[in-house]
Student: 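Sharing a structure, written as structure tokens. Questions coming.
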Amino acid sequence: MHDEHDSASSWALETLAIRAGHDRTGEQEHGEPIFPTSSFVYGSAAEAARKFSGEEPGNIYSRFTNPTVRTFERRLAALEGGERCVATSSGMAAILSTALALLKAGDEIVASRSLFGSTVSLFDKYLGKLGITTRYVELSDLAAWEAAITPATKLLFAETPSNPLSEVVDIAALAEIAHRHDAWLAIDNCFLTPALQRPLALGADLVIHSATKYLDGQGRAIGGAVVGREAELEEVFGVVRTCGPCLSPFNAWIFTKGLETLELRMRAHCANAQALAEWLEAHPAVARVHYSGLASHPQHALAARQQRGFGAVLGFEVKGSEAEGSRAAAWSVIDATRLLSITGNLGDVKSTITHPATTTHGRLSHAQKSAAGITEGLIRVAVGLEALDDIRSDLARGLDALV
Ligand SMILES: *Cc1c(COP(=O)(O)O)cnc(C)c1O
């Protein structure tokens with residue numbers, strides 16, 4: 001018989017993205033099927049007993065066993081190079097499930113300061129309530145990470161590259177620090193995806209995904225995933241199974257199909273972003289561009305070493321960013337767009353534009369914004385797959401008016 005899983009270990013990422021994880025049913029379907037069923041039936045009472053006890057593998061109830069969800073999990077695990085993946089109802093559910101699985105009251109997290117806003121709220125407000133405390137450090141400052149670790153630290157959590165300034169941390173070095181202190185390293189790999197960065201191969205223990213972003217890539221569904229070793233993922237599975245933040249089969253199917261074009265899309269996203277970053281850097285109304293693909297980026301060499309590409313989220317500052325009126329200048333560039341969508345979302349074929357200081361980072365105090373480099377003149381673009389000329393013209397309309 002033609003068994004796809006036999007050869008899967010030697011396949012390249014592009015092939016795994018298209019072929020991994022699907023066990024064809026007796027219907028001989030070519031495309032991956034959707035199983036929209038809440039439960040499954042058994043041939044006998046004895047079979048039911050064996051399945052419930054775990055003695056025999058098989059489907060029981062779609063909160064924790066669904067073939068469509070499993071296909072997505074196996075495919076993503078193959079792409080990230082992890083032993084196992086557990087899918088969740090959102091990226092936030094992936095982070096919550098990981099924390100509930102691995103941490104208890106009295107434990108501490110050390111995290112990068114430049115995290116996704118809801119992740120910070122989850123850590124501070126909700127994990128804080130459970131007696132789990134979080135300390136924040138500068139993403140790229142390895143000495144600061146190490147200094148923040150105490151005997152109670154169980155988890156290091158980072159997003160690299162950061163949003164929106166594209167700061168990068170050396171994942172291998174951070175993993176070494178984590179392991180020296182008996183802590184896990186979790187990397188939120190949402191911005192690069194396994195097509196561009198594979199944290200587990202660099203020594204991280206867990207990879208977190210918001211599948212909502214590039215794994216789908218077309219802005220259609222909310223979902224998430226955790227990938228890692230069997231031991232930790234069995235704990236995460238236990239949380240999803242019992243607490244219920246599970247992924248729906250329909251969304252799992254969307255993400256599975258999204259993964260098939262992941263490598264191709266990420267390559268195209270990167271090419272558009274690189275060209276746009278270079279054009280912006282040369283524009284007379286632009287003071288600075290934050291994109292790790294530029295030679296001017298302070299961590300360009302590290303990014304080039306640990307990533308297969310530089311991603312598609314970039315920040316740029318209009319001239320006079322610290323001065324009065326730089327907010328008005330940034331807003332005028334945003335409001336002059338007709339193609340780019342004014343929204344905080346990213347990871348879509350549609351390019352988006354946002355003003356971090358008054359949206360994604362609006363909850364920060366003036367001092368916190370200054371410390372984080374979120375100036376009033378800063379604009380973030382998540383570069384989509386429209387024609388580069390059209391994206392450039394759309395930004396030129398507002399930028400040219402500032403010169
Ligand atoms: C969007 C996002 C999340 C949260 O994912 P949801 O699917 O929206 O719950 C987490 N981390 C990063 C980096 C994100 O961009």
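Both ligands and their constituent atoms are indexed starting at 1 by order of listing.
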Student: Let me confirm one number: the NE2-CG distance from His209 to Asp188, rounded to the nearest 0.5 Å.
Tutor: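 Reported to 0.5 Å precision, the distance equals 8.0 Å.
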Student: Nearest 0.5 Å please: distance from the OG atom of Ser121 over to the OH atom of Tyr126.
Tutor: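 With rounding to 0.5 Å, OG (Ser121) is 7.5 Å from OH (Tyr126).
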Student: Any idea how His355 and Trp331 line up, ring-wise: parallel (<30°), tilted (30 to 60°), or perpendicular (>60°)?
Tutor: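 Ring orientation, 0 to 90° scale: perpendicular.
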Student: With the threshold set at 4.0 Å, does a side-chain nitrogen-carboxylate oxygen contact exist between Lys154 and Glu108?
Tutor: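 Salt bridge absent between Lys154 and Glu108.
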Student: Under 3.5 Å between some N or O of ligand 1 and some N or O of Glu159?
Tutor: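 Between Glu159 and ligand 1, no N or O pair is found under 3.5 Å apart.
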Student: Around atom 15 (O) of ligand 1, find the nearest protein heavy atom and jot down its residue, atom name and distance.
Tutor: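 I find the closest protein heavy atom is Lys213 NZ, 2.6 Å.
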Student: Are any of the N/O atoms in Thr212 less than 3.5 Å from those in ligand 1?
Tutor: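 Yes.
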Student: Does any N/O atom on Leu346 come nearer than 3.5 Å to any N/O atom on ligand 1?
Tutor: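 Among all N and O atoms of Leu346, none is under 3.5 Å from an N or O of ligand 1.
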Student: Any nitrogen or oxygen of Ile222, main chain or side chain, under 3.5 Å from a nitrogen or oxygen of ligand 1?
Tutor: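 Checking ligand 1 against Ile222, no N or O pair falls under 3.5 Å apart.
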Student: Counting heavy atoms only, which of Gly223, Ser210, Ala93 is nearest atom 5 (O) of ligand 1?
Tutor: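 The residue whose heavy atom sits nearest atom 5 (O) of ligand 1 is Ser210.
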Student: With Lys213 as the cation and Phe255 as the aromatic partner, state whether NZ or CZ is under 6.0 Å from the six-membered ring centre and within 45° of the axis.
Tutor: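 Judged by the rule, Lys213 and Phe255 form no cation-pi pair.
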Student: Rounded to the nearest 0.5 Å, how far does CG of Leu192 lie from CE of Met266?
Tutor: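 Output value for this atom pair is 6.5 Å.
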Student: Name the closest protein heavy atom to atom 11 (N) of ligand 1, giving the residue it belongs to and the distance to 0.1 Å.
Tutor: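 Going by distance alone, atom 11 (N) of ligand 1 is nearest to Asp188 OD2, 2.6 Å.
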Student: What protein heavy atom sits nearest atom 4 (C) of ligand 1, and how far off is it?
Tutor: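 Answer for atom 4 (C) of ligand 1: Phe116 CE2, 3.4 Å.
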Student: Closer than 4.0 Å to some heavy atom of Phe191 - which atoms of ligand 1 meet that?
Tutor: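 Ligand 1 atoms under the 4.0 Å threshold to Phe191: 13 (C), 15 (O).
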Student: Within a radius of less than 6.0 Å around CZ of Arg338, do more than 12 heavy atoms belonging to other residues, nucleotides or ligands occur?
Tutor: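 Count not over threshold, so no.
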